[in-house]
Amino acid sequence: MKFPVHIIILGQEGVGKSALVVRFLTRRFLTEFAETDEIDYERTITLDDRQVSLRITDVSGKSLQTRAASRELLMQADAAVVVYSVTDQSSVTAARHALHCIRKYRPPPLRHRRLQPLPVLLLGNKSDLDHIRTVKRHCEPSDWTSDFTLTAECSARDDADGVRVLFHKLIRKVLQTREAGNKGGRKMSHASLGSPKQLRSTIKRRFSMFSRERISTL
């Protein structure tokens, strides 16, 4: 069974999180959205000639304020989009808080090997409002860094293709991470079953436990 790719969208209220998601999924631009704590979108898309099931959770900016909510959201996710507005410096502070939560609850795999890395897209929205920009402009979108972070700017209003390309990059990263994790798991499984050294060690360990049990009952 293939699990859907679960992406969470984080950021301060008013930065255009919902507009970005709707733009990506439907190519439409909407300006008004109902105020809710959390909205789930489920969709199947075609990416690189394969069908990919998506679950996108648009998270209220208030949901990361409590430790329990932060941990639960980030432990369930396959990827995160952290959104700020290039016209609002305070939204950058909120984005930094979200990144801090990600580093805290989904640290790099060297520290917690059972957790897969969490790909993160740090996305500056409303680049069409450059005349009232208050946030320093980023360079061209960078490649994925060693800590699985991609930084970029876009406009949900004016650039449907740009939004789609960035989401596709994020989804590809999730699929690559999953495939790498599955290959690693299969290698470990084959080694434990097929290696004579591993088999001898397992048999010896089991027989030694049996011997100790017999001695203890005498």
Side-chain angles (χ1 to χ4, degrees), residues 1-11 15-27 38-59 63-64 69-84 95 98-125 138 141-154 156 159-189:
M1 178 180 178
K2 292 185 178 180
F3 293 98
V5 173
H6 185 194
I7 302 173
I8 56 174
I9 315 295
L10 307 173
V15 295
K17 301 190 303 295
S18 299
L20 285 165
V21 174
V22 172
R23 186 60 131 165
F24 166 58
L25 294 177
T26 70
R27 296 188 66 85
E38 194 173 288
I39 304 176
D40 271 327
Y41 302 85
E42 294 185 1
R43 188 69 55 91
T44 298
I45 66 168
T46 301
L47 178 63
D48 302 330
D49 297 323
R50 64 194 293 186
Q51 296 294 299
V52 181
S53 296
L54 296 180
R55 177 188 170 197
I56 301 179
T57 303
D58 182 0
V59 181
S63 294
L64 281 182
S70 302
R71 185 177 182 85
E72 183 179 0
L73 284 167
L74 295 172
M75 293 298 287
Q76 294 174 351
D78 294 305
V81 181
V82 180
V83 185
Y84 64 92
L99 292 173
H100 171 75
C101 290
I102 291 170
R103 287 192 294 268
K104 182 176 181 180
Y105 297 120
R106 287 293 296 269
L110 290 177
R111 291 174 55 190
H112 289 266
R113 295 182 183 276
R114 288 181 293 179
L115 285 177
Q116 291 184 332
L118 187 71
V120 177
L121 170 60
L122 177 60
L123 189 56
N125 189 29
H138 280 291
S142 64
D143 198 0
W144 289 100
T145 63
S146 58
D147 60 351
F148 284 72
T149 303
L150 176 71
T151 59
E153 289 187 1
C154 72
D159 192 9
D161 289 337
V163 172
R164 178 178 55 84
V165 166
L166 290 170
F167 271 87
H168 282 182
K169 282 188 175 184
L170 185 66
I171 296 164
R172 285 191 189 98
K173 192 67 172 178
V174 172
L175 297 176
Q176 291 168 5
T177 302
R178 280 186 179 180
E179 290 168 0
N182 289 337
K183 288 178 181 178
R186 286 197 294 269
K187 287 180 181 177
M188 290 177 65
S189 172

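Scope of the values below: all heavy atoms of this structure, side chains included, with no hydrogens, waters or symmetry mates. Residue indices begin at 1 and follow the sequence shown.
- Between L123 and V82, every side-chain heavy-atom pair lies at or beyond the 4.5 Å cut-off.
- Side-chain contact between L20 and V83: present, with at least one pair of heavy atoms (C-beta onward) separated by less than 4.5 Å.
- Listed here is the closest heavy atom pair of Y105 and R71: CD2-NH1, 3.5 Å.
- I45 has its side chain out of reach of Q51: every pair of non-hydrogen atoms, C-beta onward, lies at least 4.5 Å apart.
- Taking CD1 of I8 as the start and CG of D58 as the end, the distance is 11.0 Å to the nearest 0.5 Å.
- Side chains of V5 and V174 form a contact here, defined as non-hydrogen atoms less than 4.5 Å apart.
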* To do: Begin with the C-alpha distance, continue with both residues' side-chain angles, and end with the deciding distance and a verdict on side chain to side chain contact (heavy atoms under 4.5 Å, CB included) for F148 and V120.
  => CA-CA 6 Å; F148 284 72; V120 177; over 6 Å; no
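- Across V81, I39, L25, a single residue satisfies side-chain contact (heavy atoms from CB on, under 4.5 Å) together with I56, and that is L25.
- Using a cut-off of 4.0 Å between Lys/Arg side-chain N and Asp/Glu carboxylate O, R172 and E179 are scored as not salt-bridged.
- Shortest non-hydrogen contact noted between A80 and I102 is CB-CD1, 4.1 Å.
- In terms of modelled atom types and a separation under 3.5 Å, the side chain of N125 and the main chain of A156 share a donor-acceptor contact.
- Using a 4.0 Å cut-off between a side-chain N of Lys or Arg and a carboxylate O of Asp or Glu, D161 and R27 qualify as a salt bridge.
- Looking at R55 and D78, no side-chain N of the basic residue comes within less than 4.0 Å of a carboxylate O on the acidic one, giving no salt bridge.
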* Under the side chain to side chain contact (heavy atoms under 4.5 Å, CB included) rule, what do L150 and K169 come out as? Steps first, then yes or no, please. => CA-CA 9 Å; L150 176 71; K169 282 188 175 184; 4.0 Å; yes
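- Note: H168 and F24 have perpendicular aromatic rings, judged against thresholds of 30 and 60 degrees for the angle between ring planes.
- Of all heavy-atom pairs spanning L118 and A79, the tightest one is CD1-N, 3.4 Å.
- With rounding to the nearest 0.5 angstrom, the OG atom of S18 is 4.5 Å from the OH atom of Y41.
- Within the 4.5 Å cutoff, the side chain of T57 has no heavy atoms near those of the I7 side chain.
- Between the OG atom of S53 and the NE2 atom of H6 there is a distance of 13.0 Å, given to the nearest 0.5 Å.
- You'll find the side chain of L54 stays beyond 4.5 Å of the side chain of E42, heavy atoms only.
- Counting only heavy atoms from C-beta outward, the side chains of I9 and V21 approach each other to under 4.5 Å.
- Residues A152 and L166 share a closest heavy-atom pair of CB-CD2, 3.7 Å.
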* To do: In sequence, state the C-alpha distance, the side-chain angles, and the governing distance for Y84 and E153, and then conclude on side chain to side chain contact (heavy atoms under 4.5 Å, CB included).
  => CA-CA 9 Å; Y84 64 92; E153 289 187 1; 4.2 Å; yes
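- Looking only at side-chain heavy atoms (C-beta outward), P119 and I171 stay at 4.5 Å or farther from each other.
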